[in-house]
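For the numbers below, each heavy atom of this structure counts, side chains included, while hydrogens, waters and symmetry mates do not.
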Amino acid sequence: MAEEKKLATELESREVAEHAREQQWEKSSFAKMLFEGKLDLDLVYPAPEPDPEEQERAARFLEELEVFARTHIDGDQHDTEGWVPQEVLDGLAEMGAFGIKTPRKYGGLELSQVSYNRALAIIASRCSATGAFLSAHQSIGVPGPLLKFGTEEQKDRYLPRLAKGALSAFALTEHDVGSDPANLSTTAELSEDGSHWILNGEKLWTTNGPRAEIIVVMARTPAPEGSKRKPITAFIVETDWEGVETLDECSFMGLRALSNGALRFTDVKVPRENLLWGEGKGLKLALITLNTGRLALPAFCAAAGKGSLEMVRDWAGNRVQWGLPVGHHDAVAQMIGKMAADTFALEALVELIGAMSDSGRFDIRLEAAVAKMWGTETGWDLVNDALQVRGGRGYETHDSLRARGEVSYPVERWLRDMRINTIFEGSSEIMRLFIAREAVDRHFSIAGDLVNPKASAGAKMAALVKAGLFYAWWYPTRFLGWSAWPRYSEFGSLARHLRYVERTSRRLARATFYTMVRFGPGLEKRQAVLGRVVDIGAELLVMSATVLYAKTLEKRGGDERGADALADAFCRQARRRISASFRSIFRNDDVATYKVARRYLDGEMEWLERGVISLAGYRELQRSVAEEAAYEHTEVPEPVPAS
């Protein structure tokens, strides 16, 4: 039997995560200010004018990309075959789609984040798996961290290859490492002559991994002198090096054409110059890269919303039941109205944060995390509602519908493809904890030692004095503000929603303070409470983005009729959700529900599983497979001749 691994304790995991996060806020954050009780529209409105030259180049590229996607990318076929043909990837590479944001001096297109998001939306509207190839390659693959943290020699060596189509990947996840990197076991040891690192370990669920040429691998390196912690470091690894192998290619419920697998590294010699950024900076590199990398998923979700709306407009507008088009019945119309408002809000959020990223003036770690969390949850709701409106034909596959001569909208595929988005690149649950930690960073900087179990009595006393002085000023100011007419009157009928955001942001700041006072050090355990606080802040951010986007479209003078109605509908619905979240911050069933969960996990209510066939057979199958694999890898000593 294999020896059971010793996993990190809760405290150790928290320390690893805290050590990896960015400690300072050197740039402005619109979302952070909302959580702290201030709506500062001057930060984001009016939006900076895009570079005309970049916009002209982007327009040509996006037009070419749309033609290619329409004629060469067949999401239904790729889904059925479980494979995106190499000629599709080669065609995308030829037009520059593998280096959209890469500077032109390295062979890329040097387009903006906004243009990149729009490109991903075009690809994903035809095939989510093909979009994932490009996103995993550029958003979290080698080009992203290399541009931010690579040496000039590394950039010169790799960026031209990557821009030409050398597929890349990012390898962090392991069997015991999902959202908790403290259990990472892949190692890298410096060779005796110091010329290279020796990499050993296995990675799981590496998107693009089986087809990638170049990957970023996270591994533990030796602890520095005076420390017991082995830091996590990033390395650039080429997959054709000796010792790199694909163990398995994974298959999933959705994104069936995705290339994703488990990789093994056995005594891989990584040149010393392929260490990325610095020893022990791997997790920080990953988190900073994800600040913009996470924007790809909301762009995919906005594309799914648009496709769902087109299908719904056709089907619900023409399918007649009970004497009326189904979309004219109130129950269905309510769903369609919400879908339209949510899709508009998603697009507004993606456009706003993309522009913020392009400006270089913002720290968008909070905005990107909210976009990922809120965007993927909303995207799932959009496609799920689209299937409900489509009815039985939504549940039926594309091929089955086509064989019967029906319009074969692939809603069933969309639903399968969308389900993963609330899980990977940070599950919704982890995103809420991440957002909560960043949103209360100012409070932690003031009173952190009061809840730090390792802080000395002297440190706690000093923190108490510091907190008393700070909150004596801070707390009363969270009641002061001007949120009455005519403030924000330039936004017309939508001004009242901005006034609501302004006063509610102050209420949110007060509520956050109340939770800290009421729960003290135990607040970090009250994740449902923190989740409601985060949800309120997220809704306020999206409301702001939606109103600003509607106003921006109005000023452009295009044909986007009804943008103000979409923004108004979204804000009305968001305000109801916010009110419900405020009510349940302190009045909830969290403790009772948690106790039931613990009693169930402890086996006390195992009787509830009676009456069906047990799943124990799956567990037995896993054990037998594991034992067989362990036996195959056991070295059998050669027989010793009898003397």
Non-hydrogen atoms of [X] and [Y] that approach each other most closely:
X: Ala163; Y: Gly107; answer: CB-O, 3.7 Å
X: Leu366; Y: Ala31; answer: CB-CB, 4.0 Å
X: Thr206; Y: Ala169; answer: CG2-CB, 3.9 Å

Report yes if some heavy atom in the side chain of [X] is under 4.5 Å from a heavy atom in the side chain of [Y]; otherwise report no.
X: Arg319; Y: Pro325; result: no
X: Ser544; Y: Leu39; result: yes
X: Leu276; Y: Thr151; result: no
X: Asp76; Y: Arg413; result: yes
X: His137; Y: Pro143; result: yes
X: Phe362; Y: Leu43; result: yes
X: Asp535; Y: Arg577; result: no
X: Val411; Y: Tyr395; result: no

Any side-chain donor paired with an acceptor under 3.5 Å for [X] and [Y]?
X: Glu377; Y: Ser428; answer: yes
X: Ser29; Y: Glu367; answer: yes
X: Ser400; Y: Thr397; answer: no
X: Glu213; Y: Ser168; answer: no
X: Gln138; Y: Lys101; answer: no
X: His497; Y: Asp568; answer: yes
X: Tyr158; Y: Asn274; answer: yes
X: Thr207; Y: Asn260; answer: yes

Exercise for review: Please lay out, stage by stage, how Ser115 and Glu54 fare under the test side-chain hydrogen bond (donor to acceptor under 3.5 Å, both in side chains).
Suggested key: CA-CA 9 Å; Ser115 298; Glu54 187 274 341; 2.8 Å; yes
Check your understanding: Is the distance between the ring centroids of Trp374 and Phe570 less than 6.0 Å?
Key -> yes
Flag the pair [X] and [Y] as a salt bridge only when some basic side-chain nitrogen lies within less than 4.0 angstrom of an acidic carboxylate oxygen.
X: Arg21; Y: Glu438; result: yes
X: Arg416; Y: Asp79; result: yes
X: Arg104; Y: Glu53; result: yes
X: Arg313; Y: Glu310; result: no
X: Glu425; Y: Arg294; result: no
X: Glu396; Y: Arg404; result: yes

Looking at [X], I want to see if its [atom1] is surrounded by more than 12 non-hydrogen atoms of other residues, nucleotides or ligands under 6.0 Å.
X: Lys306; atom1: NZ; value: no
X: Lys148; atom1: NZ; value: yes
X: Glu249; atom1: CD; value: yes
X: Glu273; atom1: CD; value: yes
X: Glu153; atom1: CD; value: yes
X: Glu490; atom1: CD; value: yes
X: Arg70; atom1: CZ; value: no

Review point. Do any N or O atoms from the side chain of Gln154 and from the backbone of Leu275 form a donor-acceptor pair under 3.5 angstrom?
Key: yes
Practice item. May I ask you to decide if the ring planes of His72 and Phe68 are parallel, tilted or perpendicular, using 30° and 60° as cut-offs? Key: parallel
Review point. Which class fits the ring pair Tyr549 and Phe344: parallel under 30°, tilted 30 to 60°, perpendicular over 60°?
Key: tilted
Cation over ring face, [X] and [Y], 6.0 Å, 45°:
X: Arg118; Y: Phe300; answer: no
X: Arg419; Y: Trp380; answer: yes
X: Arg365; Y: Trp25; answer: yes

**Study point:** Any residue meeting ring pair (Phe, Tyr, Trp, His ring centres under 6.0 Å) with Trp414, in chain and number order, not counting sequence neighbours
**Key:**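 In terms of ring pair (Phe, Tyr, Trp, His ring centres under 6.0 Å), with neighbours along the sequence ignored, Trp414 is linked to no residue.
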Practice item. I would like to know whether Phe491 and Leu41 meet side-chain contact (heavy atoms from CB on, under 4.5 Å); could you show each step before the answer? Key: CA-CA 12 Å; Phe491 291 90; Leu41 283 186; 4.1 Å; yes
Check your understanding: Phe434 and Met373: side-chain contact (heavy atoms from CB on, under 4.5 Å), yes or no, with the steps?
Key -> CA-CA 10 Å; Phe434 174 85; Met373 178 199 76; over 6 Å; no
How many angstroms lie between [atom1] in [X] and [atom2] in [Y], if you round to the nearest 0.5 Å?
X: His78; Y: Thr130; atom1: NE2; atom2: OG1; value: 4.5 Å
X: Tyr116; Y: Phe61; atom1: OH; atom2: CZ; value: 10.5 Å
X: Tyr45; Y: Asp40; atom1: OH; atom2: CG; value: 14.5 Å

**Study point:** Asn117 and its side-chain contact (heavy atoms from CB on, under 4.5 Å) partner, picked from Ile100, Val350, Ile353
**Key:** Val350
**Study point:** Reference residue Arg60; test salt bridge (Lys or Arg N to Asp or Glu O under 4.0 Å); the match among Glu64, Glu56, Glu63
**Key:**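 That would be Glu56; it is the only one of Glu64, Glu56, Glu63 passing the salt bridge (Lys or Arg N to Asp or Glu O under 4.0 Å) with Arg60.
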